[in-house]
Amino acid sequence: MRFRPLHDRVLVRRVESEQKTAGGIIIPDTAQEKPMEGEIIAVGSGRIADDGKVTPLDVKEGNRIIFGKWSGTEVKVNGEELLIMKESDIMGILEG
């Protein structure tokens, strides 16, 4: 099944965070926070303005992004846990 977000929404796969501290201590799953970094899997067609014109999104598939701790809605697509969020929930794009 293929999923395509509508309008200014994006589909994001969380990027797993390091499970070990710099000193080598392993952090158990129960103590880990959910990562706030992800990769965009799919994007919608764009933001619809009041006059009906569609403005394309600044992000595209494959971008690595940073988003807020409570951003998005968790969904399961093809058995994989993903997030759907609005482009405005994205704080920035990681480059390089």
Side-chain angles (χ1 to χ4, degrees):
M1 173 178 16
R2 184 159 157 72
F3 181 85
R4 184 176 58 90
L6 297 177
H7 309 298
D8 64 338
R9 290 183 173 79
V10 297
L11 186 64
V12 177
R13 175 185 295 125
R14 285 186 197 268
V15 175
E16 293 302 317
S17 61
E18 189 65 38
Q19 296 181 359
K20 204 185 303 185
T21 65
I25 298 171
I26 297 174
I27 304 168
D29 289 340
T30 55
Q32 290 182 15
E33 289 189 15
K34 290 189 176 183
M36 296 184 300
E37 184 178 325
E39 178 184 358
I40 296 183
I41 306 298
V43 296
S45 57
R47 209 171 306 116
I48 299 176
D50 292 336
D51 61 2
K53 291 184 181 178
V54 177
T55 306
L57 303 179
D58 290 330
V59 295
K60 60 184 180 205
E61 290 180 21
N63 282 148
R64 283 186 67 121
I65 58 165
I66 300 288
F67 50 87
K69 186 181 274 190
W70 309 109
S71 298
T73 302
E74 292 181 352
V75 295
K76 265 193 175 179
V77 177
N78 297 331
E80 183 179 12
E81 296 219 2
L82 303 172
L83 289 169
I84 297 176
M85 65 181 68
K86 289 189 169 234
E87 185 187 38
S88 59
D89 291 337
I90 298 172
M91 292 185 213
I93 300 171
L94 295 170
E95 297 176 344

Please tabulate, for the side chains in residues 87-96, all donor-acceptor contacts under 3.5 angstrom to protein atoms that are two or more places apart in sequence or on a different chain.
residue : atom : partner : partner atom : Å
Glu87   : OE1  : Arg47   : NH2          : 2.3
Glu87   : OE2  : Asp58   : N            : 2.6

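In this structure a side-chain-to-backbone donor-acceptor pair under 3.5 Å is missing from Asn78 to Glu80.
Residues Ile41 and Arg13 come closest through the heavy atom pair CD1-NH1, 3.2 Å. Summarising the geometry of Glu81 relative to Lys76, their closest heavy-atom pair is OE2-CE, 3.6 Å, with the distance given to 0.1 Å. The two residues Leu83 and Ser71 come nearest to each other via the heavy atoms CD2-O, 4.2 Å.
Leu6 forms part of no hydrophobic cluster, judged by ILVMFWY side-chain heavy-atom separations under 4.5 Å.
Asp50 meets the side chain to side chain contact (heavy atoms under 4.5 Å, CB included) test with no other residue; sequence neighbours excluded. Taking Ile84 as the reference, Phe3, Arg9, Leu11, Val75 meet the side chain to side chain contact (heavy atoms under 4.5 Å, CB included) condition, with sequence neighbours excluded.
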